[in-house]
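Proteins come first, then strands; the chains are lettered A, B, ... in the order of their sequence lines, and each starts at number 1. Because the structure is a prediction, the values reported are computed rather than measured.
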Number of protein chains: 4
Amino acid sequence: MTETIKKVNKKEAILKAALQLFSQRSFYGTTMPDISTLADVGAGTIYRYFTSKEALVNALFFRIMTEFDQRLESDFPNGMDTRIQFHHLFQSLWGYVVDNTQAFVFINLHDEGKYLDERSHASFDKLWNFITTIIDKGQQRGDVVDLDPKSIVSLVYGPLIPISKLLINHKYTASKDFVYALEEATWRAVSSK
Amino acid sequence: MTETIKKVNKKEAILKAALQLFSQRSFYGTTMPDISTLADVGAGTIYRYFTSKEALVNALFFRIMTEFDQRLESDFPNGMDTRIQFHHLFQSLWGYVVDNTQAFVFINLHDEGKYLDERSHASFDKLWNFITTIIDKGQQRGDVVDLDPKSIVSLVYGPLIPISKLLINHKYTASKDFVYALEEATWRAVSSK
Amino acid sequence: MTETIKKVNKKEAILKAALQLFSQRSFYGTTMPDISTLADVGAGTIYRYFTSKEALVNALFFRIMTEFDQRLESDFPNGMDTRIQFHHLFQSLWGYVVDNTQAFVFINLHDEGKYLDERSHASFDKLWNFITTIIDKGQQRGDVVDLDPKSIVSLVYGPLIPISKLLINHKYTASKDFVYALEEATWRAVSSK
Amino acid sequence: MTETIKKVNKKEAILKAALQLFSQRSFYGTTMPDISTLADVGAGTIYRYFTSKEALVNALFFRIMTEFDQRLESDFPNGMDTRIQFHHLFQSLWGYVVDNTQAFVFINLHDEGKYLDERSHASFDKLWNFITTIIDKGQQRGDVVDLDPKSIVSLVYGPLIPISKLLINHKYTASKDFVYALEEATWRAVSSK
DNA sequence: TATGAATGAGTTTTCATTCAT
DNA sequence: GATGAATGAAAACTCATTCAT
């Protein structure tokens with residue numbers, strides 16, 4: 001029992017430390033001893049839970065993408081109005097970034113890393129595809145402007161990248177009202193009229 | 001003559017190789033031999049032109065930011081209508097990214113690096129401030145929506161980040177008409193009316 | 001226990017190897033791989049105990065000077081006759097050089113090195129000052145010839161430098177009687193009559 | 001003519017710069033670019049006069065030892081009284097060290113270097129043997145104390161080593177009277193009576 | 001199971017030497 | 001002859017990973 005809890009705690013401590021350091025210093029800029037020190041475990045202990053540094057980033061990346069995707073997909077108002085769906089999408093996207101800024105920074109710093117494996121790439125694509133599909137359907141209904149779907153996703157997702165950097169550096173705070181105003185602005189860009 | 005040309009060529013070859021590798025593999029993921037091999041110079045030669053690996057990224061970052069900023073600022077229609085100014089800004093931004101995709105990817109991968117020196121940071125801030133000022137003035141004239149200027153800059157600048165990754169991977173092509181349509185969409189997001 | 005012993009052994013093995021190589025080939029003429037090979041440890045292991053090559057010479061220099069100084073100062077016949085004090089000084093000086101010839105060669109090869117830190121310099125000065133003080137007091141008592149103290153110290157200490165080189169190369173052996181005869185000769189040089 | 005002078009000047013400039021740097025930083029601590037910069041010649045120019053760095057130290061060492069030896073041997077009062085001969089030896093030794101302190105420091109820092117060739121070693125031995133022979137003859141005449149000749153040479157030569165370091169650092173000045181007093185002290189050590 | 005000392009391959013950097021001008 | 005840019009072998013140092021405890 002205590003054993004299991006401890007085990008979980010160590011693994012979680014390692015993942016937490018890794019997230020913090022990878023998002024601040026990038027994959028190659030972070031050393032395994034850095035992680036073990038921050039996680040307060042022995043250097044060798046990391047290798048009990050992850051076979052290599054690459055395995056560690058991949059585990060982290062996959063977990064984060066999965067959580068992120070679940071946040072977007074859970075309670076998604078399927079079958080409802082495009083505007084309602086967009087509202088849900090936008091708010092869950094922003095909600096995730098505000099609550100998990102470090103994780104979002106981590107994603108955008110690492111999504112092109114050549115150390116990412118198939119599964120990690122797939123988890124990234126899954127989220128991206130989910131958003132694309134929503135946009136797609138909106139276009140089919142004639143509610144969303146007729147542009148390449150990837151561009152439209154970029155209009156929605158892209159602004160979060162510089163903003164997440166501002167949030168991390170505490171140069172920015174996102175109030176509820178603010179996010180609503182941004183949603184309106186983004187919807188103006190994206191809606192067919 | 002030949003002397004000077006050669007010298008310039010070596011330095012340029014090193015900068016070109018460094019840009020390519022840094023934008024693909026990041027700063028720490030790129031080794032000096034990687035660069036010297038791609039630039040087709042001896043490993044020691046890099047150190048004739050740059051005192052260290054850090055000095056090299058900084059020289060590259062500063063040069064790129066300066067060129068980028070000049071592109072935005074040159075021929076800027078000062079004193080003209082906000083819409084015209086926005087048009088110029090959007091088109092020069094996109095023009096730069098389309099023509100220098102690698103450089104743009106490089107910027108977004110490195111702008112938070114702790115190896116960047118004061119001058120590099122200042123060159124980044126200069127461009128960001130230039131855009132912010134344009135937005136600011138538009139707001140003062142009542143043409144731009146009343147939101148935190150940093151958010152508005154993010155709405156304009158942010159989408160280019162995922163798009164530049166798509167451009168690099170040839171998963172995307174930006175036609176003239178397309179960029180015009182995107183400008184319209186972005187203007188809808190940003191304009192107060 | 002075994003842990004501690006091993007640890008001590010590795011550090012000591014490194015210091016021993018460093019002493020041998022530095023005294024034979026000088027600081028810059030000795031490479032870290034040379035040292036690690038002779039000490040029979042991995043190249044990286046040296047850096048677990050010493051932060052840099054400079055830190056290693058300094059640790060070695062300080063340790064040697066401290067031991068040397070303790071040898072001279074321990075059991076020093078304070079308050080006794082100048083001749084007795086000179087006897088003690090001369091014998092402990094020679095005793096140290098005969099027993100630790102390599103260390104003495106090391107000292108004289110490195111005492112002017114610009115890689116030496118404050119502490120190392122201070123440890124060298126401490127020994128030199130100790131000898132100078134003895135000579136000084138002898139002069140005050142009128143037992144030692146009236147010459148600049150540094151010169152007198154040089155008359156006592158200087159001859160050991162070429163002799164230590166001869167000892168190292170086994171071109172010389174210092175018997176007890178021999179050292180007594182040299183003490184007599186040196187005393188004739190140094191005594192006021 | 002001018003050519004030849006220039007040539008001589010360049011070679012001399014190189015040797016002068018090498019002497020200064022080698023005596024301050026030792027052989028391995030000095031780089032060829034350091035020397036070429038101080039000599040105010042191109043890096044490649046050194047190789048017109050000396051085939052390698054080793055050849056350069058050896059040329060320098062040999063030249064210095066030869067000059068030093070000539071100073072000792074020239075006008076040596078052969079056939080005269082031991083005391084007179086000792087006077088000449090001591091004064092020419094000190095005269096050389098005072099006039100060429102850097103050269104003397106250079107000698108003592110490099111005489112054991114493994115980069116020295118046969119000729120350099122021989123030039124060092126020649127001087128040492130010259131002194132030894134004088135001592136030897138003095139012993140045969142019964143004027144010099146009966147000790148191993150190498151020890152006696154060390155008594156005469158050794159004190160100059162710490163003193164040359166003091167002279168270089170301007171912590172010491174050797175007046176005529178001073179050197180006479182030191183000669184007296186040294187003669188007391190060395191004379192059989 | 002957890003540790004962290006030890007390792008050596010790989011990284012950044014230096015420098016003796018060459019050679020085109 | 002003189003130069004100094006260019007080189008690459010070798011140096012100092014780092015760090016992912018292993019393994020004895």
Side-chain angles (χ1 to χ4, degrees), chain A residues 3-4 6-7 10 28-37 40-56, chain B residues 1-4 6-7 9-11 14 28-37 39-56, chain C residues 1-4 6-7 9-11 14 28-37 40-56, chain D residues 3-4 6-7 10-11 28-37 40-56:
Chain A
E3 282 291 298
T4 313
K6 241 188 204 162
K7 208 167 154 183
K10 297 236 169 192
Y28 295 115
T30 302
T31 71
M32 295 299 261
D34 284 348
I35 296 168
S36 74
T37 302
D40 199 31
V41 301
T45 304
I46 300 178
Y47 291 86
R48 299 220 144 266
Y49 298 101
F50 307 97
T51 55
S52 67
K53 195 185 178 187
E54 294 212 351
L56 173 55
Chain B
M1 216 84 333
T2 319
E3 279 282 302
T4 313
K6 240 189 204 164
K7 212 167 153 180
N9 286 348
K10 295 242 163 177
K11 192 176 181 182
I14 291 163
Y28 295 116
T30 302
T31 72
M32 295 300 261
D34 285 347
I35 296 169
S36 73
T37 301
D40 197 32
V41 301
T45 303
I46 300 177
Y47 290 88
R48 291 200 66 72
Y49 296 101
F50 306 97
T51 53
S52 66
K53 194 183 175 188
E54 292 212 354
L56 174 55
Chain C
M1 214 81 338
T2 317
E3 280 281 301
T4 314
K6 240 187 201 165
K7 212 168 154 182
N9 287 348
K10 295 243 161 174
K11 192 176 180 181
I14 292 164
Y28 293 115
T30 302
T31 72
M32 295 300 259
D34 285 348
I35 296 168
S36 74
T37 301
D40 197 31
V41 300
T45 303
I46 300 177
Y47 291 88
R48 290 199 66 72
Y49 296 101
F50 306 97
T51 53
S52 66
K53 194 183 176 188
E54 292 212 354
L56 173 55
Chain D
E3 283 289 300
T4 313
K6 242 188 204 163
K7 208 169 155 181
K10 297 237 169 191
K11 190 175 182 183
Y28 294 114
T30 301
T31 72
M32 294 299 262
D34 284 347
I35 296 168
S36 74
T37 302
D40 199 30
V41 301
T45 305
I46 299 178
Y47 290 85
R48 300 219 142 268
Y49 297 101
F50 307 97
T51 53
S52 69
K53 195 183 177 188
E54 294 213 352
L56 173 55

Could you give the [atom1]-to-[atom2] distance, from [X] to [N], as a whole number of Å?
| X | N | atom1 | atom2 | answer |
| --- | --- | --- | --- | --- |
| Ile46(B) | dT14(E) | CD1 | P | 13 Å |
| Lys11(C) | dA5(E) | NZ | P | 13 Å |
| Ile35(D) | dC15(E) | CD1 | P | 12 Å |
| Lys10(C) | dG4(E) | NZ | C1' | 13 Å |
| Phe50(A) | dA2(E) | CZ | P | 12 Å |

Separation between [atom1] of [X] and [atom2] of [Y], rounded to the nearest 0.5 Å:
| X | Y | atom1 | atom2 | result |
| --- | --- | --- | --- | --- |
| Thr30(B) | Tyr28(A) | OG1 | OH | 8.5 Å |
| Arg48(C) | Lys10(C) | CZ | NZ | 11.0 Å |
| Ile46(C) | Lys53(C) | CD1 | NZ | 10.0 Å |
| Thr45(D) | Asp40(D) | OG1 | CG | 10.0 Å |

Dot-bracket pairing map - DNA chain E, Watson-Crick plus G-U, both contacts under 3.5 Å, | cross-strand: .||||||||||||||||||||

Of the listed nucleotides dA6(E), dT3(E), dT3(F), the one nearest the side chain of Arg48(D): dT3(F)

Qualifying residues under side-chain contact (heavy atoms from CB on, under 4.5 Å), relative to Ser52(C), sequence neighbours excluded: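 In terms of side-chain contact (heavy atoms from CB on, under 4.5 Å), with neighbours along the sequence ignored, Ser52(C) is linked to Glu54(C), Ala55(C).
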
Contact summary for Ile14(B) and Ile35(B), nearest pair of heavy atoms: O-CG2, 4.0 Å

Ser36(D) versus Pro33(D), closest heavy-atom pair with distance: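 Taking every non-hydrogen atom into account, OG-O, 3.1 Å.
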
side-chain N/O Tyr49(A) vs dT1(E) OP1/OP2, d < 4.0 Å: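 Checking dT1(E) against Tyr49(A), no side-chain N or O comes under 4.0 Å of OP1 or OP2.
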
Pull out every protein N or O sitting under 3.5 Å from an N or O of nucleotides 13-16 of chain F, one pair per line with the distance.
| from | atom 1 | to | atom 2 | distance (Å) |
| --- | --- | --- | --- | --- |
| dC13(F) | OP2 | Tyr47(C) | OH | 3.0 |
| dC13(F) | OP2 | Lys53(C) | N | 2.9 |
| dA16(F) | OP1 | Lys53(A) | NZ | 3.2 |
| dA16(F) | OP2 | Met32(A) | N | 2.4 |

